[in-house]
Amino acid sequence: MGSEAKCSKPECDKFVAVNELAKRRGFFWSSFEIYGGSGGFVTYGPLGTRLKQNIENKLRELFVKKIGIYEMESSVIAPGKVFEASGHVDHFKEPMVECQNCKGRFRADHLLEEKGISSAEAEKMTLAEIKEELERHGIVCPDCGGPFGEPQRFLTMFETTIGPYSGAVGYGRPEAAQNIFVEFDRLYTAARERLPFGVIQIGHALRNEISPRQGLIRLREFTIADLEFFFDPEEPCCRFLGEVENEVLPILLCDTRLKECEDTTDVTVREALDRKIIQNEWQAFFMAQAKRLLVELGVPAEKQRFIEKLTWEKAHYSTQSFDQEVLVDRWGWVEVSGHAYRTDFDLASHMKASGADMTVYKEYPNPVEKEELVVKPIMAKLGPIYKGEAAKVAALLAKVPAQEVTDAMEKQGSIMVENYQVFSEQVDISRQKTTVRGTRFIPHVVEPSFGCDRLFYVALEYAYGIKEDRVVMGFPRSIAPVQVGVYPLMGKDGLDTKACQIQNMLANEGFMAEFDETGSIGRRYARADEAGVQLGITVDYDTLKEDTVTIRDRDSWQQVRTAIKDLPALLHDYFYGKKAFKELGVLIKSQ
RNA sequence: GCGGUCGUAGUCUAGUUUGGUCUAGGACAUCAGCCUGCCACGCUGACGACCCGGGUUCAAAUCUCGGCGACCGCACCA
């Protein structure tokens, strides 16, 4: 049974078809097959690597080139402190117990919560303490009443040691975001200390999933694109909002979800903000951009939606979160990006843990004149009295609010600081005028975060089509892994040499162009369609006479004839989306 | 991690029930040659597989145990 025949059957879904094609044509496959394989790891082949790069470059185009987001690249492994500070160490380790009788597994902290122990308490307990508490409350398996084994912590971060000393714990990053927060200070300097600004990092992340499934959808090592956008919470306006305010976002709201209803509410970006469905302008802007990105990857708007996350579904750092989902053939709605309002959580956490200053300075539009009381100890008088303790007295005095000192001096002529009495003649109280020109604050963050492997998968699935029993991968032209195939009609009479020259010329013009001379011309077209090659240039006998070629469109199978010398300019326009296929030459009537 | 189903060339599969005739068959793909004047033509040839390891047996693709992997369900998914 041939693969095409099988895939025309209804029970053969697109996931199976796409995965089979991907393996056969080298888009991707699961890694380490010669050693029996290992779940959750994937290898991208020649076509897949190119497609993935094109998708990642779409992100760069959309965010880096068009709106000036900065890009950075940092390490996958980070010292333990980074993820302790970020809260991941706490949130990634869940104590679990297994029933020795029925093998059911339960979250130990949840079992304890039922006995009135708060989750905060449970989180702090050691495994021994958890075991003790479980025994003390006589907690047994809720399913069968069987006894529990030893509690164990399940860690979904990959743990390692840095260097030869086992004390130095390191973790594989489960998201790319933390690198950005950790490097905030330098990034902010590089951004010339102006808000708002954003930084994107596209790179691998690691999550030690219990059981990775669903091919590219859930991997243990995957590519994530985290964009952290920093802004002043007092100036939350998005200057690009005008470009997207009429974009319609289909959102499945919390309220709707709680009614166990799956209906989305269609709102424009403007409405979503006016009705406070989305709290933040930048977040709404990025959601609109995310929708447009998916459209450009070939996923129509009606196959996308946003889900507002419920309180208990949200990450520990987020106040409002939406997931962007795409409808796929096999599993229904699958998350492709997350949009979280992280407030100042991350910068504040790292500031607290590291002691580094993560605040930024903001100048007021108008300086504020401030008059304040200043208490200055007169050391010339304190010194002779308190001798060696004079400095200490002065320090203690500095801790007392100036107004309090002034009041005491006016009432009693002295003030007690601990056991020391300071008299009014020992201090100099004055009113000082100062000009406050600005303030320091921690920026807020909205984060769009894309799963690149999932973007890749949905692009493949939506490109997958069957035309006359043949697979045609109809990628949008901007992400096609191969832009042009160049084919001699026959591998003789100099047609092959001519085709080679054209391929070479196009490659030098910057196109991804491939030469193929084996098999019949029809076979080569079919092969190219399956790889998603956007255009086919065929060199025939007329080419030798008049220096023209035919260009074949992968999707319509139509052909136009055009002069070789015009190819570079025409193709550049075509791939930039400035020209349609039919504008590339004179349409040839189908034979 | 549990339960179910499953694992044969690049891909899809026949064979497994009932161990031997399997030196493992086919289709498609790939490569070489011939042919071929625009959509997987044809012919000839080539390449190429029983997931890994133990056990039972005279004999294992087939039975059995363990491992690994895949899919589905449960759980998990910041």
Side-chain angles (χ1 to χ4, degrees), chain A residues 1-7 12-13 15-17 19-26 29-41 45 83 86-94 96 98-99 102-107 110 143 152 154 156-157 174-175 177 207-215 217-220 309 312-318 321 323 330-331 335 338 340 342 345 449 467-472 487-493 495 518-530 536-543 549-552 554 557-559 561 588 590-591:
Chain A
M1 196 190 298
S3 55
E4 283 107 26
K6 179 168 183 184
C7 290
C12 180
D13 60 48
F15 175 78
V16 173
N19 276 278
E20 187 259 305
L21 174 84
K23 211 189 273 188
R24 194 155 47 77
R25 293 307 307 262
W29 56 83
S30 65
S31 307
F32 316 119
E33 281 173 331
I34 66 162
Y35 287 109
S38 179
F41 299 98
F83 290 108
S86 70
H88 285 83
V89 167
D90 289 339
H91 288 82
F92 264 71
K93 273 184 171 174
E94 305 296 357
M96 292 183 90
E98 188 179 84
C99 171
C102 72
K103 303 294 177 194
R105 287 172 75 98
F106 303 91
R107 289 272 296 272
H110 290 179
D143 285 354
Q152 290 188 324
F154 179 70
T156 47
M157 278 196 294
E175 58 171 22
R207 295 181 188 183
N208 201 0
E209 299 285 350
I210 302 172
S211 112
R213 292 277 170 88
Q214 309 171 325
I217 304 298
R218 189 182 302 167
L219 297 168
R220 288 196 167 112
K309 303 304 278 184
W312 55 87
E313 292 174 334
K314 280 184 305 207
H316 57 278
Y317 47 69
S318 171
S321 286
D323 280 354
R330 186 161 194 163
W331 295 292
E335 180 192 348
R342 297 178 81 134
F345 179 91
S449 170
K467 186 167 178 176
E468 295 180 15
D469 277 339
R470 288 166 24 177
V471 175
V472 179
Y487 319 113
L489 189 60
M490 298 291 145
K492 61 183 184 187
D493 303 329
L495 294 179
T518 62
S520 72
I521 190 67
R523 181 183 293 265
R524 281 174 275 164
Y525 288 153
R527 198 187 279 150
D529 285 345
E530 210 179 49
I537 290 180
T538 306
V539 172
D540 57 21
Y541 288 95
D542 292 341
T543 305
V549 288
T550 62
I551 309 177
R552 170 188 180 270
R554 176 196 63 205
W557 294 1
Q558 287 181 320
Q559 284 182 298
R561 181 166 280 276
I588 300 170
S590 54
Q591 285 97 11

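Sequence lines set the chain letters: A, B, ... in the order given, protein chains first and strands last, and positions in each chain run from 1.
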Quick check for you: among [options], whose closest atom lies nearest to any side-chain atom of [X]?
X: A/R330; options: B/U11, B/C72, B/C38; answer: B/C72
X: A/R218; options: B/C77, B/G37, B/C39; answer: B/C77
X: A/R523; options: B/C31, B/A40, B/U11; answer: B/A40

Looking only at atom [atom1], what distance separates [N] and [M], rounded to whole Å?
N: B/U13; M: B/U18; atom1: P; value: 24 Å
N: B/G26; M: B/G69; atom1: C1'; value: 26 Å
N: B/A75; M: B/C28; atom1: C1'; value: 41 Å
N: B/U30; M: B/A70; atom1: C1'; value: 26 Å
N: B/G48; M: B/U11; atom1: C1'; value: 12 Å
N: B/U62; M: B/C52; atom1: P; value: 11 Å
N: B/G20; M: B/G25; atom1: P; value: 16 Å
N: B/U57; M: B/U64; atom1: C1'; value: 12 Å

To the nearest Å, give me how far apart [atom1] ([X]) and [atom2] ([N]) are.
X: A/E20; N: B/U13; atom1: CD; atom2: C1'; answer: 12 Å
X: A/Q559; N: B/C39; atom1: CD; atom2: P; answer: 9 Å
X: A/Q558; N: B/C38; atom1: CD; atom2: P; answer: 18 Å
X: A/D13; N: B/C12; atom1: CG; atom2: P; answer: 14 Å
X: A/W557; N: B/C38; atom1: CH2; atom2: C1'; answer: 12 Å
X: A/E530; N: B/C39; atom1: CD; atom2: P; answer: 19 Å
X: A/I537; N: B/C38; atom1: CD1; atom2: P; answer: 19 Å
X: A/N19; N: B/G69; atom1: CG; atom2: P; answer: 17 Å

Both distances under 3.5 Å, Watson-Crick or G-U wobble: report the partner of [N], or none.
N: B/C2; value: B/G73
N: B/A9; value: none
N: B/U23; value: none
N: B/C41; value: none
N: B/U18; value: none

Is any side-chain nitrogen or oxygen of [X] closer than 4.0 Å to OP1 or OP2 of [N]?
X: A/R524; N: B/C39; answer: no
X: A/W331; N: B/C72; answer: yes
X: A/S520; N: B/C41; answer: yes
X: A/R207; N: B/C76; answer: no
X: A/R554; N: B/C39; answer: no

Side chains of [X] and [Y] in contact at under 4.5 Å (non-hydrogen atoms):
X: A/E175; Y: A/S449; result: no
X: A/Y525; Y: A/Y487; result: yes
X: A/E530; Y: A/R527; result: no

Worksheet item: Do the ring centers of A/W331 and A/F15 come within less than 6.0 Å of each other?
Response: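 Yes.
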Students often get this wrong, so: under 4.0 angstrom with heavy atoms, is [X] touching a base, only sugar-phosphate, or nothing?
X: A/T550; result: base
X: A/G215; result: sugar-phosphate
X: A/R527; result: sugar-phosphate
X: A/Q214; result: sugar-phosphate
X: A/I521; result: sugar-phosphate

Can you find a donor-acceptor N/O pair under 3.5 angstrom joining the side chain of [X] to the base of [N]?
X: A/R470; N: B/C39; answer: yes
X: A/Y487; N: B/C38; answer: no
X: A/R552; N: B/C39; answer: yes

Discussion item. Using modelled atom types and a 3.5 Å cut-off, is there a donor and acceptor pairing between side-chain atoms of A/R207 and backbone atoms of A/T156?
Written reply: no
Practice prompt. Please tell me which of A/D493 and A/G522 maps to the more 5' nucleotide of RNA chain B, matching each residue to the nucleotide holding its nearest heavy atom.
Written response: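 Checking each residue's closest nucleotide, the 5'-ward one belongs to A/D493.
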Worksheet item: Start at the 5' end of RNA chain B and walk down; is the nucleotide closest to A/E468 or to A/G40 reached first?
Response: A/E468
Worksheet item: Per the salt bridge (charged side-chain N to carboxylate O under 4.0 Å, His left out) rule, which among A/R552, A/K467, A/R523 passes with A/D529?
Response: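 Checked A/R552, A/K467, A/R523 against A/D529; only one passes salt bridge (charged side-chain N to carboxylate O under 4.0 Å, His left out): A/R552.
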Discussion item. So which atom in A/T518 and which in A/R524 form the shortest heavy-atom distance, rounded to 0.1 Å?
Written reply: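 Taking A/T518 first and A/R524 second, the nearest heavy atoms are O-CG, 3.2 Å.
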Fill in: Where A/D540 and A/L495 come nearest, the two heavy atoms and their spacing
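In this case the closest contact between A/D540 and A/L495 is O-CD2, 3.3 Å.
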